[in-house]
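In what follows, chains are A, B, ... by sequence order, proteins preceding strands, each numbered from 1. None of the values given here were measured: they were computed from a predicted structure.
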Amino acid sequence: MANRSEESDADKRKPTSGDVSSAESKPSNFIREIIDKDLERGKNDSRVHTRFPPEPNGYLHIGHAKSMCVNFGIAEDYKGLYNLRFDDTNPVKEDTEYVDSIMEDIRWLGFDWEDRLYYASDYFDQLYEWAIKLIKDGKTYVDDLSAEQIREHRGTLTEPGKESPYRNRSVEENLDLFQRMKAGEFPDGSRVLRAKIDMAAGNLNMRDPVMYRVLHASHHRTGDKWCVYPMYDWAHGQSDSIEGITHSLCSLEFEDHRPLYDWYLDQLGVFHPQQIEFARLNMNYTVMSKRKLRVLVEEGHVDAWNDPRMPTLSGMRRRGYLPQSIRRFLDKVGVAKRDSVVDIALLEHCVREDLNIAAPRVMAVLKPLKVVIENYPEGQVEELAAINNPEDESMGVRTIPFSREIYIERDDFREDPPKKFFRLSPGKEVRLKHAYFIKCERVVKDDKTGEITELRCTYDPQTKSGEAHDGRKVKGTLHWVSCDHAVPAEVRIYNNLFTVESPDDSEDFRQHINPQSLEVVSGCQMEPNLKDVKPGERFQFLRHGYFCVDSVDTTPDKPVFNRTVSLRDTWAKIEKAQKGEANQK
RNA sequence: UGGGGCGUCGUCAAGUGGUAAGACACCAGCCUUUGGAGCUGGCAUUCCCAGGUUCGAAUCCUGGCGCCCCAGCCA
């Protein structure tokens, strides 16, 4: 399959339904209603301009993708604009490695910020000037209290705070001190600039919030220019204002920051964007906080940020998810204000839906069991035609070699078959996909271990290509691979990263890491068409699931396949139910 | 007697005073050379609870109850 281009055509192929680009197909939500009203009133000259403001301190995960779909998606639908803005106000945690990965992930999802790439650090000078203005207006002050003292003065959730003894310094002294903070005259943590608001406010964010801290840290963009760095609240709203953002859509935990967001903008008297909050994405069987994902990476529970088990965009990409599947998933999830946990089965459903259309079918035996077809001529090889995708005839037909010795899936044979097992067992007949009917005549076992080593079967020459000449039916159809022509490969089966639905609920989320989240299957045997696959190529392994060639560990002589998602497995369900019944008795 | 939010099917989620959309999951059946895909049908007499207003309430009012977020010089 060397003629297939890298990253494969699948990435470009349209999904069957639910085209994400048509605004009409998207259900409304409370944010769209707010925007509709703003537009009716002609607010902001009827502009819609949003932004996505990641902090470059980690890789993007699917929760960020939701934020993008909300911010960017809404701007697109309203024919507005959207900016990418790195919220880089804390140099000790941030790194250019992350800005690169973030941009790659956003592009992969299909969003284009064109020339509107910004950094909060672009505004450090403006922010500084504005801070000077607020000092002159008597609205802020330099506080000499230590971090611990500030905490003590803040009060508690139920008790008001106390004013700092430095709260009423003169404008001149504040100006002098702040300028010297900027110049680097004071050590880290020695002084902060605070807004003078209300130490008795019920909302703790309004109890004289810190605007600047002294940090003698080198910034990935501004170098050593600054010894003071703005806090999130002071930087964010003003950045939105500078960029002319009309609707600043963020997650729920910022709801009680909104009064402060508004306060700064009002004191400055500058353009005032509107902050609107929505619930962030949660999914079961995974974690969605950067902190926890970082722990997984740093403690080696997964290989890297792009480990296919991670809910990161880079992980999902490596696993073989199509970006449009993620977008469609997020559209289905919707946008609301209530906390919720989305079933990961919905994501997998969306992934299957696209791959079903896009992925060519292929036969791969993961756990081989040798079958010798005793009445098939030795040395004979037939090239059998096989359709590449029954969902899309334009994907054509390929040819597969058939011979006397083949591999079938070990799980497809049972010496003592349970009820409703219509695969192969002694004396039973099944169809080999695209080939012949075979019947199991004899089971060969290892004398010592008793392990089944080989099946001796016969075939019916009059069932070529899987159709019976006499109209007789077989219930089971197996996939197979000719021994002499098979290409060996490694397959990685991924399962949920956690064994419980909400690992967040427990004391230590790590105790619920699924020991079977990765199952490496080596010695797999694949049809010869899979000889020269390229990283990123996707296939459906018949009766198994969707797989994609790993982009990290694949080498020219040893392909590695990641299982993107399994096929729905009705038999597994039946068998599980049968076992359940057996245990009841 | 802090502040801010939120409660509609197992899970998401529409619904904006006119008699509970849709999706996933689940169940049953049809079809099938993937136990895949597809197709058909089932799946909230009731919207956290209790009162009230109304001809009519998930929607309005009152009072409860429950859940989430906030005490970083993180974002």
Please work out if [X] contacts a base, only the sugar-phosphate, or nothing of the nucleic acid, heavy-atom cut-off 4.0 Å.
X        : answer
A:Phe421 : base
A:Val92  : nothing
A:Gly189 : base
A:Phe254 : base
A:Ala147 : base
A:Glu277 : nothing
A:Pro390 : base
A:His434 : base
A:Glu159 : nothing
A:Ser340 : sugar-phosphate
A:Ile344 : nothing
A:Glu348 : nothing

If the [atom1] atom of [N] is compared with that of [M], how far apart are they to the nearest Å?
N      : M      : atom1 : answer
B:rG63 : B:rG10 : P     : 30 Å
B:rU53 : B:rG29 : C1'   : 49 Å
B:rA57 : B:rG51 : C1'   : 14 Å
B:rG35 : B:rC43 : P     : 30 Å
B:rU11 : B:rU45 : P     : 15 Å
B:rC74 : B:rA21 : C1'   : 42 Å
B:rU8  : B:rC60 : P     : 15 Å
B:rG52 : B:rU59 : C1'   : 15 Å

Taking the side chain of [X] as its heavy atoms from C-beta onward, which of [options] lies nearest to it?
X        : options                : result
A:Asn90  : B:rA25, B:rC69, B:rA75 : B:rA75
A:Leu204 : B:rC70, B:rA75, B:rG15 : B:rC70
A:Val192 : B:rG3, B:rA75, B:rC73  : B:rC73
A:Asp256 : B:rG2, B:rC70, B:rA37  : B:rC70
A:Ile150 : B:rA75, B:rC70, B:rC73 : B:rC73

Under 4.0 Å from OP1 or OP2 of [N]: is there any side-chain N or O of [X] that close?
X        : N      : result
A:Arg568 : B:rA37 : yes
A:Thr570 : B:rG36 : yes
A:Lys573 : B:rC26 : yes
A:Arg338 : B:rA13 : yes
A:Arg213 : B:rC74 : yes
A:Thr89  : B:rA75 : yes
A:Arg154 : B:rC73 : yes
A:His349 : B:rC24 : yes
A:Arg207 : B:rA71 : no
A:Arg423 : B:rG35 : no

### Query
With centres under 5.5 Å and planes under 30°, do A:Trp571 and B:rG35 count as stacked?
yes

In whole angstrom, what separates [X]'s [atom1] from [N]'s [atom2]?
X        : N      : atom1 : atom2 : result
A:Trp226 : B:rC73 : CH2   : P     : 21 Å
A:Lys475 : B:rG36 : NZ    : C1'   : 15 Å
A:Leu478 : B:rG36 : CG    : C1'   : 14 Å
A:Phe422 : B:rU32 : CZ    : P     : 13 Å
A:Arg32  : B:rA14 : CZ    : P     : 12 Å
A:Leu542 : B:rA37 : CG    : C1'   : 11 Å
A:Gln275 : B:rG4  : CD    : C1'   : 12 Å
A:Leu157 : B:rG5  : CG    : P     : 16 Å

### Task
Using only heavy-atom distances, decide whether a donor-acceptor pair under 3.5 angstrom links the side-chain of A:His257 to the base of B:rA75.
yes

### Query
When only distance counts, do a donor and an acceptor, one from the side chain of A:Glu391 and one from the base of B:rG36, lie under 3.5 Å apart?
yes

Quick check, are the ring centers of [X] and [Y] under 6.0 angstrom apart?
X        : Y        : value
A:Phe86  : A:Tyr118 : no
A:Phe561 : A:Phe547 : no
A:His236 : A:Tyr232 : yes
A:Trp571 : A:Phe422 : no

### Query
Is it true that atom NZ of A:Lys367 has more than 12 heavy atoms of other residues, nucleotides or ligands lying nearer than 6.0 Å?
no

### Greater than 12 external heavy atoms within 6.0 Å of A:Lys439's NZ
no

Distance, nearest 0.5 Å, that separates [atom1] of [X] from [atom2] of [Y]:
X        : Y        : atom1 : atom2 : result
A:Met211 : A:Thr140 : CE    : OG1   : 5.5 Å
A:Asp460 : A:Ile438 : CG    : CD1   : 11.5 Å
A:Phe254 : A:Leu249 : CZ    : CG    : 13.0 Å

#### Entry: Test side-chain contact (heavy atoms from CB on, under 4.5 Å) applied to A:Asn496 and A:Ile344, A:Thr286, A:Asn284, the passing residue
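Option passing the side-chain contact (heavy atoms from CB on, under 4.5 Å) with A:Asn496: A:Ile344.
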
#### Entry: Base-pairing mate for B:rA28 - Watson-Crick or G-U, with both contacts under 3.5 Å
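Because both required distances fall under 3.5 Å, B:rA28 counts as paired with B:rU40.
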
#### Entry: Strand partner of B:rG63, provided both Watson-Crick or wobble distances fall under 3.5 Å
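In the structure as shown, B:rG63 has B:rC49 as its Watson-Crick or wobble partner.
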
### Query
Considering heavy-atom distances to RNA chain B, does A:Ala201 or A:Ile574 have its closest nucleotide positioned more toward the 5' end?
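The residue mapped nearer the 5' terminus is A:Ala201.
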
### Query
Which comes earlier along RNA chain B counting from the 5' end, the contact point of A:Gly155 or that of A:Gly476, where each point is its nearest nucleotide?
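Looking at the nearest nucleotide for each, A:Gly476 comes out on the 5' side.
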
### Task
Quick one: classify the glycosidic conformation of B:rG4 as syn or anti, with syn meaning within 90° of 0.
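You should classify B:rG4 as anti.
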
